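Here the structure comes first, spelled out in structure tokens, and everything after it is commentary.
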Amino acid sequence: MGARPVSEQQTLPQLHGWDGPWADLRVLVTGFGVTGFSVADTLAELGAQIVVVDGTATRTKRDGAAALSTMWGDRIEFRFGETHTTTLRHFGPGDDAGELPELIVTSPGWRPDSPIIAAATAQHVPVWSDIQLARRLGARPGAKNPDWLVLTGTNGKTTTVMMLEAMLTADGRRAAACGNIGMPILDVIRDPEGYDALAVELSSFQLHYTEPLHPAASAVLNIAEDHMDWHGGLENYLADKAKIYESTQLACVYNAQDPVTEQMVAAADVVKGARAIGFTTDSPDVSMLGLVDDILIDRAFLDNRRHQALELATRADFGTLAPQHLVANALAAAALARAVDVAPASVQQAIRAYEPAAHRIQPVAQADDVLWINDTKATNPHAAAASLASFTDVVWIAGGLSKGVDYDPLVQQVATRLRHVVLIGTDTTQLRSSLERHAPQVPVTEVSGGDDGEAVMRSAVESADRYAQPGQAVVLAPAAASMDQFASYISRGEHFIAAVTELMQAKGFSIE
């Protein structure tokens, strides 16, 4: 396929649908994890010429490469190692002398300032996410064409999208949670039967590399500083998040208690007739979903919404632990579901069946009237604030990689709830400094252990046990990433559970 004018290189408007001119298109796929595998497999099926580059070559990646090479032959080539991640010219006799790709499809972890992505921008080579590729393709010919219900936010995305999928399924729809969760979206759209609706979780990374998606409904759950190092500042982060509302067809769902999300809706270019729908854990106004006397109600998706409301569920439907942010997530999911006419009874059924995912405000043990909570998923201050707000008296285990965020607002918000802080992490300077300024009355203990995650968490749990008093909660809500001392946030949570279990056994208590 010959070179295209620069204006077309930036958008490739002809690449739409399964019958588009994909054959022999030169596509560079950056990253070969789960997303990269699905991208390479899909493009090979379309007949493109593909080169996959990845800086590392794990056994899983090599096995995946072998499988795709067997299936697609010389249509696809793999190049592992850091030397292949710095050049665009992978098509032809050699990396230096070869041709440029006509398209890059990237895994979301690749930063805009990485050598290949920066070079692509300079050379006017378009860079897509797997989400954009999926939207351009649409459902496989002959399959159902699903409603896209898309959501993003700093925190709560996975919980909300899982609730949304459950609401759709309870209503009799064939639905899939995908995007930044579950099955890769390209595997979903290649399903021969197709789906009635997709519940699509989108990270800011994915949105950065994605054009307007024309969803049926869209939502931003909340906004707080996160991934500032990746985006290069808050302004860029907000701009990428706001892209989710562009070209929405039916409903733009915003958080009425987070003005930034409402401002995003006001600035969005949407399809004529699309409505702004708020959600709040306070009493809702017209065109909102909210909470009145522990009843979740809908004042948006009914004809006489100025004078009537629909009951969707009650707080008791969540079970014994229904923190405010979980109710907010359920209301956001319900707003997206109601936008495509999911029945109120289906919303309630999904909430009643909901079980919190592991590592998200997960009760681990209760002994001596002390509750132990694992919220290792709270990897930024906003998530930690939501977690700590669920409890009155807290021994807080916190710390890790800060990702360039400011801890002062968090500490100011939760200071009155803190009874003791146990700091983990290889560098506690930022968080300790914020505690000294805004919670000087709260005692702080640092634990050692270096990069031995098991030892770190055992020390943290032992310290927390020494200071916790009856009626208090020990909460692991790190407000930071994990990779300085743990393999992942999941590993951090698993070490916490193991350490608490060991402690309980030593005390003679059992954990069910």
Side-chain angles (χ1 to χ4, degrees), residues 58 60 155 158-159 162 181 319-321 323 326 354-381 383-384 386-388 390-391 393-403 418-428 431 443-512:
T58 64
T60 299
N155 297 300
T158 297
T159 297
M162 294 304 294
I181 181 179
T320 56
L321 192 62
L326 180 61
Y354 172 74
E355 294 185 4
H359 308 301
R360 293 171 176 83
I361 313 191
Q362 175 188 9
V364 175
Q366 186 161 14
D368 297 329
D369 199 24
V370 174
L371 180 62
W372 295 78
I373 297 292
N374 167 31
D375 196 4
T376 182
K377 187 65 168 63
T379 58
N380 58 58
S387 184
L388 296 171
S390 303
F391 308 96
D393 297 299
V394 179
V395 175
W396 182 26
I397 301 176
L401 286 177
S402 68
K403 300 185 291 185
L418 302 179
R419 302 297 171 260
H420 202 103
V421 178
V422 178
L423 290 180
I424 59 176
T426 56
D427 183 358
T428 62
L431 186 49
V444 177
T445 300
E446 289 195 36
V447 300
S448 58
D451 59 1
D452 183 344
E454 182 179 0
V456 168
M457 197 54 74
R458 184 183 294 112
S459 296
V461 166
E462 290 172 352
S463 294
D465 181 56
R466 281 196 296 273
Y467 301 114
Q469 300 296 314
Q472 295 180 352
V474 177
V475 182
L476 172 67
S482 58
M483 286 78 74
D484 56 340
Q485 294 179 312
F486 304 90
S488 65
Y489 78 84
I490 292 174
S491 171
R492 180 170 60 191
E494 288 173 344
H495 282 306
F496 177 76
I497 293 169
V500 172
T501 301
E502 184 179 315
L503 175 69
M504 293 300 108
Q505 290 171 344
K507 289 172 171 280
F509 296 103
S510 62
I511 297 180
E512 295 183 0

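Every value quoted in this text rests on a predicted model; they were computed, and no experiment measured them. Residue numbers count from 1 along this sequence.
Summarising the geometry, atom CG belonging to Leu476 is positioned 13.5 Å from atom NZ belonging to Lys377; distances are rounded to the nearest 0.5 Å. For the atom pair CD (Glu494) and OG1 (Thr501), the distance works out to 11.5 Å, reported to the nearest 0.5 Å. Interatomic distance, Glu355 CD to Gln362 CD, rounded to the nearest 0.5 Å: 11.5 Å. The structure places CG of Asn155 at 7.0 Å from OG1 of Thr379, a figure rounded to the nearest 0.5 Å. How far CD of Gln485 is from OG of Ser491: 11.0 Å, rounded to the nearest 0.5 Å. The line from CD1 of Ile497 to CD of Glu502 is 14.0 Å long, rounded to the nearest 0.5 Å.
Ring geometry for Trp372 against Phe496 counts as tilted: the plane angle lies between 30° and 60°, on a 0 to 90° scale.
The shortest side-chain heavy-atom distance between Val447 and Val422 falls under the 4.5 Å cut-off. The shortest distance between side-chain heavy atoms of Val456 and His495 does not fall below 4.5 Å. Counting heavy atoms from C-beta on, the side chains of Ile424 and Met457 come closer than 4.5 Å. Within the 4.5 Å cutoff, no side-chain heavy atoms of Ile490 are placed close to those of Thr376. Two residues are said to be in side-chain contact when any heavy atoms from C-beta on lie closer than 4.5 Å; Pro478 and Ile397 fail this criterion.
When all heavy atoms of Gln469 and Val370 are compared, the pair lying nearest together is O-CG2, 3.5 Å. Of all heavy-atom pairs between Ser463 and Thr445, the closest is OG-CG2, 4.3 Å. Considering every non-hydrogen atom in both Ala464 and Val474, the closest pair reads CB-CG1, 3.6 Å. Taking both residues in full, the closest heavy atoms of Ala383 and Ala378 are given as CB-CA, 3.6 Å, listed atom of the first, atom of the second, then distance. Heavy-atom minimum distance, Ala384 versus Ala479: CB-CB, 3.7 Å. Ser390 and Ile361 make their closest contact through OG-CD1, 4.2 Å (heavy atoms, listed as atom of the first residue, atom of the second, distance).
For Arg492 (side chain) and Ala481 (main-chain N/O), a donor-acceptor pair under 3.5 Å exists by modelled atom type. Here the side chain of Asp375 pairs no donor or acceptor atom with the backbone of Ser387 at under 3.5 angstrom.
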Glu454 and Arg458: salt bridge (charged side-chain N to carboxylate O under 4.0 Å, His left out), yes or no, with the steps? CA-CA 6 Å; Glu454 182 179 0; Arg458 184 183 294 112; 3.0 Å; yes
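Under 3.5 Å, the side chains of Asp393 and Gln472 contain no donor-acceptor pair of N or O atoms.
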